[in-house]
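Quick caveat, the model's predicted, so the values are computed rather than measured. Whatever order the structure lists them in is the order used to number ligands and atoms, beginning at 1.
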Amino acid sequence: MKVTRALFDDVMAPNYNPAAMIPVRGQGSRVWDQEGVEYVDFAGGIAVNSLGHCHPAMVAALKEQSEKLWHLSNVFTNEPALRLAKKLTDVTFAERVYFANSGAEANEAALKLARRWALEHYGEDKSQIIAFKQGFHGRTFFTVTVGGQPAYSDGFGPKPAAVEHATYNDLDSLKALISEKTCAVMLEPLQGEGGIISPTSEFIQGVRELCNKHNALMIFDEVQSGVGRTGELYAYMGLGVTPDILTTAKALGGGFPIGAMLTTKDIAASLKVGTHGSTYGGNPLACAVSEAVLDIVNTSEVLDGVKRKEQLFRDGLAAINAKYDVFSEVRGKGLLLGAVLNEKYQGRSRDFLVAAVAEQLMCLVAGANVVRFAPSLIIPDEDIQEGLARFERAVAKVVQG
Ligand SMILES: *Cc1c(COP(=O)(O)O)cnc(C)c1O
């Protein structure tokens, strides 16, 4: 069978609009398409491929587990899931782990847990969930409603109730909404999809204090910011605040679908037997791969490398901007960076992405005004230089029209 991009329009639901080329192979931070054209990968599968493509340790973990045991369901537990949960609890604030298959599912679990916890401890009046405008928490109906982008949540009829949105980095807007009726405040400790927006330390500390004051759970969605992305294992570790519930996915699997919700023993107690579940959650293949990812990422070699590579990106982007004057700033932390388009290029981030693909570079956007980079955490310095050279050619083409 001949597989072409045209086939996509014939057989796939029209909710995506992928590039014209079809990648068929990847190694490290390079990818090849059907025609053998090679690309530098600054997209990392949207902050997922934390160790690049086909990392030997991940391939070995997957191969080894694939010859032992693929699936059991949660009627039985399994060794990779228990090992991964033990490691996650050893290296974070958390004492209990719930496994899912995606970020949205981990968030769905976090929100359902928060609602149950509040109901159990305070009664049914404590059901309000506060999140933030521009926030993104996934595409299930509950999580997309909690996300702060009506463009994603409108158009599906009545929404889950008692969800409200404050303004990110604006503590007063949260103060105006929060009360004893608030069961949880959910936020990304670095907004990703919303445009790569870091929290101020005053804001993040203030959210923690307001949650404490009103007995509300603080939920950190670290689906994009977690697992080394910011140069810390989890972004909260660099912010001086500890959430009550943390969700992680994307880079945790490094390319194999997995999500997890982490919390304390006391809060987790509200998820009694039968209250929530997932057939594939905690799948042995996913957990075995994830364990290999965590072992490698949670080393000073990789985490310090992320901080050093961030500087290479910042220096390279500054040099490009000095020549072409297209960005107003470069935002973000570690290897989750956003080049913000200046006044002259408003609304045109997709033009830069399309021009980049033509120059054999994969990158991302975060809204209409931000070009986003979320490469492998171990992308070789030479690939950063080569990718930036290609990006410069793409920028030149956009500037020249
Ligand atoms: C990607 C993302 C999600 C959704 O994850 P899926 O695996 O696509 O369900 C949730 N929250 C944040 C912050 C994300 O970046």
Side-chain angles (χ1 to χ4, degrees), residues 13 15-16 18 43-50 98-114 129 131-149 151-153 160 163 165 168 184-199 204 207 218-230 232 234-236 239 243 245-262 278 280-283 286-287 289-290 293 331-338 363-367 370 372-375 377:
N15 57 313
Y16 301 117
I46 316 188
V48 165
N49 300 319
S50 37
Y98 166 83
F99 285 120
N101 308 292
S102 66
E105 282 183 34
N107 285 335
E108 186 82 19
L111 292 165
K112 285 179 71 181
L113 169 58
I129 287 161
F132 293 88
K133 289 171 190 158
Q134 266 35 271
F136 183 77
H137 301 299
R139 300 284 201 145
T140 67
F141 208 6
F142 199 175
T143 59
V144 84
T145 303
V146 173
Q149 303 194 50
Y152 293 167
S153 58
V163 176
H165 297 94
Y168 203 73
V185 177
M186 183 176 219
L187 70 162
E188 296 159 85
L190 193 176
Q191 284 193 331
E193 301 302 310
I196 312 295
I197 299 163
S198 295
I204 213 86
V207 174
M218 187 186 201
I219 306 175
F220 269 6
D221 177 345
E222 292 231 30
V223 170
Q224 190 155 165
S225 61
V227 194
R229 189 53 55 193
T230 64
E232 312 282 342
Y234 284 98
Y236 85 84
L239 292 171
I245 302 177
L246 179 150
T247 57
T248 175
K250 289 203 167 102
L252 181 63
F256 203 101
I258 188 169
M261 177 193 70
L262 315 183
S278 160
Y280 264 111
N283 169 274
C287 292
V289 172
S290 199
V293 171
R331 296 197 290 235
K333 194 170 177 202
L335 288 176
L336 184 55
L337 296 172
C363 58
L364 301 163
V365 302
V370 179
R372 174 172 38 156
F373 304 99
L377 305 180

I'd like to know if the side chain of N107 reaches the main chain of T143, judged simply by a donor and an acceptor atom lying under 3.5 Å from each other, with no hydrogens or angles considered. no
Minimal heavy-atom distance between A260 and F99, with the atoms involved, is CB-CD2, 3.8 Å
Sorted by chain and residue number, the residues having a heavy atom closer than 4.0 Å to an atom of ligand 1 are S102, G103, A104, N107, F136, H137, G138, E188, D221, V223, Q224, K250
Taken in chain and number order and not counting sequence neighbours, the residues that satisfy side-chain contact (heavy atoms from CB on, under 4.5 Å) with A109 are Y98, M261, H276
Without swapping roles, check the side chain of H165 against the backbone of G147 for a donor-acceptor pair under 3.5 Å. yes
T140 and E108 have their tightest heavy-atom pair at OG1-OE1, 2.6 Å
query = Within the distance-only criterion (no hydrogens, no angle test), does the side chain of R331 pair as donor or acceptor with the backbone N or O of I196 below 3.5 angstrom?
reply = yes
